[in-house]
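Just so you know, these numbers come straight off a predicted model, no measurement behind them. Chain letters run A, B, ... following the sequence lines, proteins first and then strands; every chain starts at 1.
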Amino acid sequence: MSLLQLEGVTKSFGAIHALQGIDLTISEGEAVGLMGDNGAGKSTLMRIIAGNFLPTAGKIRINGSEVHFNKPVDARNNGIEIVYQDLALCNNLTAAANVFLGREIRKKFGPISYLDHKAMFEKAAELFRELKSETRPRDLVKQMSGGQRQAVAIARTRLSDPKLVLMDEPTAAISVRQVAEVLNLIHRLKDSGHAVILVSHRMPDVFEVCDRVSVLRRGTKVADKQISETSPEEVTGLITGAIENA
Amino acid sequence: MSLLQLEGVTKSFGAIHALQGIDLTISEGEAVGLMGDNGAGKSTLMRIIAGNFLPTAGKIRINGSEVHFNKPVDARNNGIEIVYQDLALCNNLTAAANVFLGREIRKKFGPISYLDHKAMFEKAAELFRELKSETRPRDLVKQMSGGQRQAVAIARTRLSDPKLVLMDEPTAAISVRQVAEVLNLIHRLKDSGHAVILVSHRMPDVFEVCDRVSVLRRGTKVADKQISETSPEEVTGLITGAIENA
Amino acid sequence: ADYNFALVPKAMNNPFFDLARDGCYKAQEELEGVTCNYIGPGEHTELEQIQIVQDLISQGVDGIAVSPSNAPAMGKALKAAVEAGIPVMTWDADLLEEDKGIRATFVGTKNYDIGVNLAKIAMARHPDGGKVCLQTGGAAAANHNERLKGIRDTLSGKDTGTPPGEPLSGENGWTEVAGCPLITDDDGNKAIQGMTDILAKEADLTAFISTGAFTQWFDNAYRQAAEPYKDKMESGELSIIVADTLPMQMAQLKDGLSNGQVGQRPFEMGYRAMFVLKDLAEGKSVEDPIYTGLDVCTPDNADSCLAQ
Amino acid sequence: MTDTTQKSHAEIDESITSRQEMSGLQAALKTQPFWVFIALIAIGVVMSFISDVFLTERNFFNITRNFAFFGIMALGMSAVICTAGIDLSVGSLMGLAGIVTGLVMQAGYGIGFGFIACMGAAAIVGLINGILIAYVRMAPFVVTLGMLAMARSIAMVISNNKMIYDFGPDQELFEWIGGESVFGVPNPVWVLMILTVVFWWVWRYSTWGRWVIAIGGNADAAKLAGIPVERVIVSVYVLCSCCAGLAAFLLVGWFGSVTNALGLTYELNVIAATVIGGANLMGGVVYAFGAPIGAALMELIRNSLLLAGIDALWQQFFVGLFLILAVLLEQIRNRGRS
Amino acid sequence: MTDTTQKSHAEIDESITSRQEMSGLQAALKTQPFWVFIALIAIGVVMSFISDVFLTERNFFNITRNFAFFGIMALGMSAVICTAGIDLSVGSLMGLAGIVTGLVMQAGYGIGFGFIACMGAAAIVGLINGILIAYVRMAPFVVTLGMLAMARSIAMVISNNKMIYDFGPDQELFEWIGGESVFGVPNPVWVLMILTVVFWWVWRYSTWGRWVIAIGGNADAAKLAGIPVERVIVSVYVLCSCCAGLAAFLLVGWFGSVTNALGLTYELNVIAATVIGGANLMGGVVYAFGAPIGAALMELIRNSLLLAGIDALWQQFFVGLFLILAVLLEQIRNRGRS
Ligand SMILES: Nc1ncnc2c1ncn2[C@@H]1O[C@H](COP(=O)(O)OP(=O)(O)OP(=O)(O)O)[C@@H](O)[C@H]1O
Ligand SMILES: Nc1ncnc2c1ncn2[C@@H]1O[C@H](COP(=O)(O)OP(=O)(O)OP(=O)(O)O)[C@@H](O)[C@H]1O
Ligand SMILES: [Mg+2]
Ligand SMILES: [Mg+2]
């Protein structure tokens, strides 16, 4: 039984059909690369799994039982964490505050519980260090560089122990050093039995960490292959449409 | 005489020293890769050259004569075009409107001049086609995917015939097909005597199109080498600090 | 001794109070060593008026004449003045009955009487009664409520309860139409719009009575609104009767666009207030209350009705 | 094979280029002004059954004239709101502009000078607002709130708090412009109609209009694109003030008199009309037809309640209720779509 | 070599983690409330030379009490504005809450019930506002403008447009709470002080406060982070309404009477106080001390002008001018920094 199973997931925005009948499964300890041209529908699919959009049609099953995510917390409560492509950060808060947003660490003083700023700064610093990112937990996100922001978004997924981590182009803005760390992270996640879906345009990265690659073209899935059975060239052809499907 | 010459460019944001005494030159027909860790100051440097920030100290020379860019148009009037890392698009306008923002095509009817929507849509479509991007000129930017947005930002630099094109991670969000096109574009720009500064975290891209690579670390330039004289490994070492400088 | 007396209106943006100010300034010229300090809220706000009075007390003026917006609250504020030994009087509007000990006297008119006189003009023109629409000022404005009660009491010939009284439904032949009384919030534009709509809606309206000058502030607009009904007004089918006797109102009356005006004498109030305060400051006793009288004008006596 | 792929790409690209999500009419169906317009019609239909006075020419004349002044101001306000600004000073400005007009004409200078003085006063106020907001970067709310107090105070000072109802030699022409009609349509309504069309053109076809919308969407991006953001913002506030000045000119002409209380508290009504007409206070959205439609809705509600004979104490309740309901309609409509 | 590099990284990382751009005091120096506070002091110093009455105990008593009511409302308003919302209904709500209190107490129910009724009415109004804004996604401006009209109308209806000045058995206690003082400080000022500290704590240490700020920064991101955005927004409007209700309760106690005109046009003053205190209408910024400081500045300006004997007609002018100048101070200050 697979951890996540999508059946015929379809999503339309008015006249635009972003996704048409997508089937996808992923098991524990597996990493799936999701590739496709710009506008192919990758982010839309991620958002549906993360409970951000409701699909126009289709089913989502987790461990075999159908789920309906009406809001993002529903997905999180089902053990799904996500790094959004547009990062979804609050510019007016500090890096640490963003990492812990919605899951703040609190201390109790008698009946009153209050935010434990110190603990959050420290824990956030630890997470950034783990990612080898030069991000200062006390900085406002507004003032941070593109890669620092991405580090914040990635750090958020490290707070809980999710079953499935969705990463929508997590390495787009970060530098070589941290890219290696993120790929490392994905390896570690796999090893500890987590499932990962990685959306990326970087072919080498996908081939380094993923077990399987799925290709979307204009909202339909045109391929779903084991990494061992395909090659970067084939995947490129599938993405651009030079190869019809496989 | 070099096209652009930076001398001791320094920029501080309050207590944060984003850039410290950067020297950099670039000649016509040359492409320079600017690399560095997240937060190293690459975008800050680009923004200074593009007239978006004033440097705290240091000089900028174009064709040997010192210039002061107080606002972005000043730089543009000096033949500098830029693709911002955060794209700098108006979400509430269409893709075509964003491409032509500030440089709208107008038609005359007697003494009255008015926007020529048709011409702008067509020209924008042409630009997107050139980039092989699936971007619809009539779509609102709000509704577009990450890569489609980036295509819009890149297309903007194609409107004029600039001397220098600054590209701040232009390929971060775009797919394989378009990455090739953007690299192609840089090649074409070089061939026609334009200068390009490419900020990127993608080592292979930089090595494919650039003649020279400069590395920033924590606001200082630690290396400036011909591509032929260095290797990806060395550059990586320089970025992470494993190699002090070169 | 030089005296600094404050004359506090309800609002400074109301032409009515300007006349009081002019009277106050005239008294300042006539009285040796008296300064008229005319100060009030820019708009009609209760709190600001009280704040101003407090500040005047802090400042230590030699006498305060106030037209309270909120009588009970002003009563409390004025207690501080009495404690500070500052003579206090009211004008135009008075304090509550139980607070009357606080102020030395009241200079003004009884608002109730304005209503009575407005109603009398209507009754003289329409002895059999008919449909009437009343127009009033701001929400819960005590002076307008008393005028309304005056009108209602007089038209119905009985006591209609606490101000503004109960709407008329056939008493003595008079019925108020639906949607009335119209509330204008002292806005001339709203007043005109309301009157226009009601006149259009109620073809057989007998009388339109307004308790404030706002109806006629905007000369041209009012004339346009009333013009179509001029014949009816002349033939006695319809009456428009408005409180106050500002210059353009008198012109409208003379031109047959109004059937009656009942005016107070704000100039007189401002003028008299200074004399009263001077007497108080000098320790003399004063009359209580002091009524400045009303001007009741109809087309017949339009040239002579105003007290000079 | 590469060749065929290239060809099919070209085809696809072609189809993408010309793809348009929906037709103009479909797009209109999604806008707030359209749904407010539907609400307008609905109220009209209901009222024509309830009151036989409603459909009379005279009532229409009154309604249209009443909302014309607000509509004119709302047109200017919608430009300001489109830049994510706000102008609270329009009401006070009306008082100032009206008094200035009155004083100039009372002094016998004629209507030409009166008009110039009126618009000049408005433009100066707008200029001060705009400069403080665009160049000094102050919050529009604070600046225009300060101006609200200052403009009213200056109106009080220069009028010496007196009413003006003598407009010198051109009094008749002045009152004709504001108070009379041409072809049965009140003059202020003509002005509103012409201005609406002009604004429609401006938003759709002028560079300036495009820039204003861009600034509302992302002022930083607009700045980076080389748009003279500061200058455009100043011009927007001047425009808004001029619209208020024009409305004051017409209104005083109709009233035939002016006090410095003219326009008191109108700012909220004007902003409400603009917002009902589809403007978004976060900026970036503007519809030329929204302003008159929003103003019309507010006036229609007022008029209808009176004609329907609703108790005066309850009237404001229904004004508020219908205001909310009108906007709700569009909200529910868009709900169903996404 | 790899080893040493790793080590130096660790060191650098350590230094990054603990790096803080500036100390708390330095941070305070950059905030608007601080500079408005400086302006406050400056005006106070100037006034103490101009008027010997200014520094008297009585004047201080009056000033502090006068701004306490606005300060209390501004505290609630700052929460609303922090979510990028606005609440125009607070003034009308005061009228409604005041009338409800008056009616309940007049009927002899005592002050306990009076207070509960007052806060209940306020909470209901806030709840309606909040639900329409958060769940139906209507523009806060439209909703609260509609509520402005509706609440005032209901106050008129239930009071039958009459004044209430008989508060039953607990009249004295009621008037004591609103009008008297403890240790020489007026009771409303005590309430304001306590509330300010509570709000300071809330913004700094409570999850709810953090969430409100996050929603103001990026409501979408907050939603994605699992914050119950709708519920929080509703709570913010309820809180704002309750603050207005509390202010009404105290104000009526001080006045010793209430009409349905209570609080007329206060909304703009409250919002102005909030904005002067550093709130940003685009959301995401809030300072607990900003609200009382903003309210204090507005009252101080008014009081100073009167004590300085400025001509009444000019007063509003200076109110507006100082309002702009006070905010300008902070603006210029920050200019120099960037
Ligand atoms: N909210 C929306 N409304 C309308 N259309 C949308 C919306 N979101 C996405 N789309 C459209 O749906 C399609 C798929 O978008 P999506 O963001 O999923 O692409 P993607 O595969 O993630 O692309 P990229 O690699 O550029 O991130 C695009 O054509 C986009 O324009
Ligand atoms: N407006 C600002 N205010 C304060 N600090 C800033 C500001 N902009 C950038 N910084 C800081 O300056 C440093 C350099 O940022 P910059 O954006 O230039 O980095 P970068 O090299 O482009 O990084 P990336 O690869 O992540 O895009 C960072 O530490 C960042 O936090
Ligand atoms: Mg995407
Ligand atoms: Mg960068």
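Taken to the nearest 0.5 Å, the NZ atom of B:Lys71 stands 8.5 Å off from the CD atom of D:Glu230. For the atom pair CG (B:Leu93) and CZ (D:Arg210), the distance works out to 6.0 Å, reported to the nearest 0.5 Å. Rounded to the nearest 0.5 Å, atoms OH (D:Tyr205) and CD1 (B:Ile112) are 13.0 Å apart. Rounding to the nearest 0.5 Å gives a distance of 9.5 Å between SG of B:Cys90 and CG of D:Asp220.
Residues of residues 179-198 of chain B having a heavy atom under 4.5 Å from any heavy atom of chain D: none. Applying a 4.5 Å heavy-atom cutoff, the residues of residues 80-89 of chain B that approach chain D are B:Tyr84, B:Ala88, B:Leu89.
Note: B:Asn92 leads B:Val73, B:Asn52, B:Asn92, B:Asn98 in heavy-atom pairs under 4.5 Å with chain D. When each of B:Ala96, B:Ser113, B:Ala50, B:Ala97 is checked for heavy-atom pairs under 4.5 Å with chain D, B:Ala97 comes out on top.
If you measure heavy-atom distances from B:Arg156 to chain D, the contacts under 4.5 Å come from the side chain alone.
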Derivation of the side-chain contact (heavy atoms from CB on, under 4.5 Å) call for B:Phe100 and D:Thr207: CA-CA 11 Å; B:Phe100 286 93; D:Thr207 324; over 6 Å; no
Step-by-step side-chain contact (heavy atoms from CB on, under 4.5 Å) determination, D:Arg204 to B:Tyr114: CA-CA 9 Å; D:Arg204 195 147 169 65; B:Tyr114 61 94; over 6 Å; no
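Environment of CZ in D:Phe34: crowded, with over 12 heavy atoms of neighbouring residues, nucleotides or ligands closer than 6.0 Å.
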